[in-house]
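Note that the coordinates shown come from a computational prediction; the quantities given were computed from them, not determined experimentally.
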Amino acid sequence: MIHAATALHHAACLCAKGESVQLQVVTQLVQMARQHLQQMWPWELANVVWALAKMGYLDAAFVGALVQAATSQLRSFKPQELANTARALATLGHKDAAFMGALLQASTLHLSAFKPQHLANTAWALATLGHEDAVLMSALVQAATRQLGSSTPQHLANTAWALATLGHEDAAFMGDLVQAATRQLRSFNSQNLANTALALATMGDVDTFVMCALL
C-alpha cells in the first residue's frame with residue numbers, strides 16, 4: 001500500500017510541474033490503493049487524497065472509502081495532514097459533514113502547531129464546502145491572529161475570503177488582517193487583491209484596504 005500511495009503522490013507532483021500522466025496509470029494506482037486503504041498510515045491517506053485533488057481525479061466511491069479509513073485515525077494525523085486532507089476534499093467537492101466535523105475536532109488538538117498555511121487552507125476548505133462551525137472558526141481565528149505577521153498574501157486573502165463566505169464576523173481580527181495585508185501590498189497579486197477587497201466589502205469594511213491599495 002505504501003508504494004501505491006507514494007506513486008500517486010509522485011504522479012501528482014509530475015502533473016503540478018506540467019508533465020502528463022496517463023489516466024490509465026492513475027486509475028490502476030487508485031485500484032491498488034483501494035485494496036489497502038485500511039492498512040494505510042495517516043500520512044499515506046493524506047498523500048493519496050492530496051494527489052487526487054492535485055490531478056483532478058474524481059472517484060467519489062474511492063474518496064468515500066478513503067474517508068472511512070481515515071476516520072479512526074484522525075487523532076494521529078499531523079497538522080499538515082489534517083489541513084491537506086481538508087483542502088483536498090474541498091477541492092474534490094466531497095461533502096461529508098460527519099467526517100469534516102471529526103477532522104475539525106482533531107484539528108483543534110493541534111492548532112498551536114498549525115502554520116499559517118495550515119490555518120488558511122483549513123479555513124478555505126470550510127468555506128468552500130459550506131461547513132459552518134462557529135466554535136472552530138473562532139479557534140482558527142485566534143490561532144491565525146498570532147501568525148498574521150508571518151502569513152503570505154495568499155494566506156491572508158484566503159482567510160479573509162473564508163470568513164466572509166461563512167459570514168463569520170470578528171471585527172478585531174479583520175482589522176489586524178487588514179494591517180498585515182497593507183504591509184505586504186506590493187506582494188499581492190491581482191487575485192489576492194480582488195479576493196481580499198471582495199471579502200472586506202462583503203463584511204462592510206473595504207475602505208481602508210482599498211485606499212491603501214490605490215496609493
*Asks:* Taking Val21 as the starting point, is it possible to reach Leu23 by hopping between hydrophobic residues whose side chains are less than 4.5 Å apart?
*Replies:* yes
*Asks:* A side-chain contact here means heavy atoms from C-beta on lying under 4.5 Å apart; do Asp96 and Leu89 qualify?
*Replies:* no
*Asks:* Is a donor on one side and an acceptor on the other found under 3.5 Å between the side chain of Gln35 and the backbone of Met32?
*Replies:* no
*Asks:* Scan for salt bridge (Lys or Arg N to Asp or Glu O under 4.0 Å) pairs involving residues 4-22, sequence neighbours excluded, and state none if there are none.
*Replies:* none
*Asks:* So do the side chains of Leu140 and Leu111 get within less than 4.5 Å of each other, counting heavy atoms only?
*Replies:* yes
*Asks:* Can you sort out the partners of Ala106 under side-chain contact (heavy atoms from CB on, under 4.5 Å), two or more places apart, ordered by chain and number?
*Replies:* Leu74, Leu82
*Asks:* With sequence neighbours excluded, tell me which residues meet side-chain hydrogen bond (donor to acceptor under 3.5 Å, both in side chains) with Gln184.
*Replies:* none
*Asks:* According to the ring pair (Phe, Tyr, Trp, His ring centres under 6.0 Å) rule, which pairs have a member within residues 82-118, sequence neighbours left out?
*Replies:* Phe114-His118
*Asks:* Counting C-beta onward and ignoring hydrogens, is there a side-chain heavy-atom pair between Asn47 and Leu8 closer than 4.5 Å?
*Replies:* no
*Asks:* Output all residues satisfying side-chain hydrogen bond (donor to acceptor under 3.5 Å, both in side chains) with Asn189, sequence neighbours left out; order by chain, then residue number.
*Replies:* Asn192
*Asks:* How about Phe77 and Thr85: do any of their side-chain heavy atoms sit closer than 4.5 Å?
*Replies:* yes
*Asks:* Atom CE in Met100, atom CG in Leu126: separation rounded to 0.5 Å?
*Replies:* 6.5 Å
*Asks:* Assigning hydrophobic clusters by single linkage (Ile, Leu, Val, Met, Phe, Trp, Tyr; side-chain heavy-atom cutoff under 4.5 Å), is Leu109 placed with Leu119?
*Replies:* no
*Asks:* Got more than 12 heavy atoms from elsewhere within 6.0 Å of CD, Gln80?
*Replies:* no
*Asks:* Could you work out, with side-chain hydrogen bond (donor to acceptor under 3.5 Å, both in side chains) as the rule, every residue matching Thr27, not counting sequence neighbours?
*Replies:* Tyr57
*Asks:* Can a donor-acceptor pair be found between the side chains of His9 and Thr6 at a distance below 3.5 Å?
*Replies:* no
*Asks:* Let's go through Val178 and Leu200 carefully: what are the C-alpha distance in whole Å and the side-chain angles of both, what is the deciding distance for side chain to side chain contact (heavy atoms under 4.5 Å, CB included) to 0.1 Å, and is it a yes or a no?
*Replies:* CA-CA 9 Å; Val178 167; Leu200 292 170; 3.8 Å; yes
*Asks:* With rounding to the nearest 0.5 angstrom, report the CD to CE distance, Gln38 to Met40.
*Replies:* 10.0 Å
*Asks:* Taking all non-hydrogen atoms of both residues, which atom of Ala162 and which atom of Ala123 are closest, and how far apart?
*Replies:* CB-O, 3.3 Å
*Asks:* Determine yes or no for a side-chain-to-main-chain donor-acceptor pair under 3.5 angstrom, with Gln117 supplying the side chain and Thr152 the backbone.
*Replies:* no
*Asks:* Any pair with a residue in residues 56-85 that passes salt bridge (Lys or Arg N to Asp or Glu O under 4.0 Å), sequence neighbours left out, goes on the list, sorted by first then second residue, please.
*Replies:* Arg34-Asp59
*Asks:* When rounded to the nearest 0.5 angstrom, what is the spacing between NZ in Lys115 and CD in Gln147?
*Replies:* 9.5 Å
*Asks:* Using side chain to side chain contact (heavy atoms under 4.5 Å, CB included) as the criterion, point out the one residue from Leu37, Val30, Thr71 that pairs with Leu66.
*Replies:* Leu37
*Asks:* Is there any side-chain hydrogen bond (donor to acceptor under 3.5 Å, both in side chains) pair reaching into residues 119-145, and which pairs are they, with sequence neighbours excluded?
*Replies:* Arg87-Asn121
*Asks:* When rounded to the nearest 0.5 angstrom, what is the spacing between CG in Leu193 and CG in Leu198?
*Replies:* 12.5 Å
*Asks:* Under the side-chain hydrogen bond (donor to acceptor under 3.5 Å, both in side chains) rule, collect the residues that match up with Ser187, sequence neighbours excluded.
*Replies:* none
*Asks:* Start with the C-alpha distance between Leu92 and Val49, add both sets of side-chain angles, then the distance that settles side chain to side chain contact (heavy atoms under 4.5 Å, CB included), and finish with yes or no.
*Replies:* CA-CA 9 Å; Leu92 292 168; Val49 72; 4.1 Å; yes
*Asks:* Can you list every salt bridge (Lys or Arg N to Asp or Glu O under 4.0 Å) pair that touches residues 141-169, not counting sequence neighbours?
*Replies:* none
*Asks:* Is there a chain of hydrophobic side chains (I, L, V, M, F, W, Y, each step under 4.5 Å between heavy atoms) that links Trp50 to Leu45?
*Replies:* no
*Asks:* What distance do Leu177 atom CG and Thr196 atom OG1 have between them, rounded to the nearest 0.5 Å?
*Replies:* 7.0 Å
*Asks:* Of all the heavy-atom pairs spanning Ala86 and Leu103, show the shortest one and how long it is.
*Replies:* CB-CD2, 4.0 Å
